[in-house]
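Have a look at the structure below, then the notes.
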Amino acid sequence: MSKLAWKTILASAALGGIMIAAPAMAGGTNASAAQPDPGLIAKGAKLWADNCGRCHNLRPASNFSDDGWEVVVSHMRVRANLPGEDAKAIKAFLKNSN
Ligand code: HEC
């Protein structure tokens, strides 16, 4: 494999990490009505990691569109026995990261 290809892979791996870490680092200063709350997204990222891999492999955010996650999390919320607030945070994280 060429050096460039490896660089691309490493760069996308790094970006994947940043996508999960960024909302936690963003703080609360630039929150607006149109943007999802960074705190909610960070909470959702943790809840997703803690709950959504219990019964099957974690499905990455890129697997579904916003509408897809809306449906999937509504179903999985019941299976996982999650409170509505937690499901809302997980949806915010997945929709922000897909
Ligand atoms: C209690 C066990 C359990 C938990 C917890 C759970 N799931 Fe699932 N999940 C399942 C089962 C069983 C299936 C396969 C049957 C089905 O689709 O209903 C599934 C299927 C899926 C699928 C595939 C659906 C498709 O159409 O391809 C996705 C995506 C998914 N889960 C996401 C999640 C997410 C996100 C969470 C966290 C909110 C979660 N799951 C938590 C049991 C669980």
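Numbering starts at 1 and runs along the sequence shown. Counting convention: from 1, in listed order, for ligands and their atoms alike.
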Checklist entry - Is there a side-chain contact between Arg77 and Lys88 (heavy atoms, below 4.5 Å)? => result no
Checklist entry - In terms of residue, atom name and distance, what is the protein heavy atom nearest to atom 24 (C) of ligand 1? => result Phe64 CZ, 4.4 Å
Checklist entry - What is the nearest protein non-hydrogen atom to atom 13 (C) of ligand 1, stated with its residue, atom name and distance? => result Met76 CE, 4.0 Å
Checklist entry - Are any non-hydrogen side-chain atoms of Pro38 and Ile41 less than 4.5 angstrom apart? => result no
Next on the checklist: To check you understand the geometry: which heavy-atom pair defines the closest contact between Ala89 and Leu40, and what is its length?
Outcome noted: CB-O, 3.6 Å
Checklist entry - If every non-hydrogen atom of Ala61 is compared with every non-hydrogen atom of Leu94, which pair is closest and at what distance? => result CB-O, 3.6 Å
Checklist entry - Among Gly53, Gly44, Cys52, Ala87, whose heavy atom sits nearest atom 38 (C) of ligand 1? => result Cys52
Checklist outcome for this item: Heavy-atom proximity to atom 16 (C) of ligand 1 ranks first, among Arg54, Arg79, Arg59, His75, for Arg79
Checklist outcome for this item: Between Arg54 and Ala80, the two heavy atoms sitting closest are NH2-O, 3.4 Å
Checklist entry - Under a 4.0 Å heavy-atom limit, does Asn51 contact ligand 1 with its side chain, its backbone, both, or neither? => result backbone
Checklist entry - For ligand 1, which atoms, with element, lie under 4.0 Å from some heavy atom of Val72? => result 28 (C), 29 (C), 30 (C), 32 (C)
Item to check | Closest protein heavy atom to atom 4 (C) of ligand 1, given as residue, atom name and distance to 0.1 Å | outcome: Cys55 SG, 3.3 Å
Checklist entry - Under a 4.0 Å heavy-atom limit, does His56 contact ligand 1 with its side chain, its backbone, both, or neither? => result side chain
Checklist outcome for this item: Smallest heavy-atom separation, Lys91 atom then Ser74 atom, equals NZ-OG, 3.5 Å
Next on the checklist: Does the plane of the ring in Phe64 sit parallel, tilted or perpendicular to the ring in Trp69? Use 30° and 60° as the thresholds.
Outcome noted: perpendicular
Checklist entry - Any protein heavy atom under 4.0 Å from atom 36 (C) of ligand 1? => result yes
Checklist outcome for this item: ligand 1 atoms nearer than 4.0 angstrom to some heavy atom of Ala80 are 5 (C)
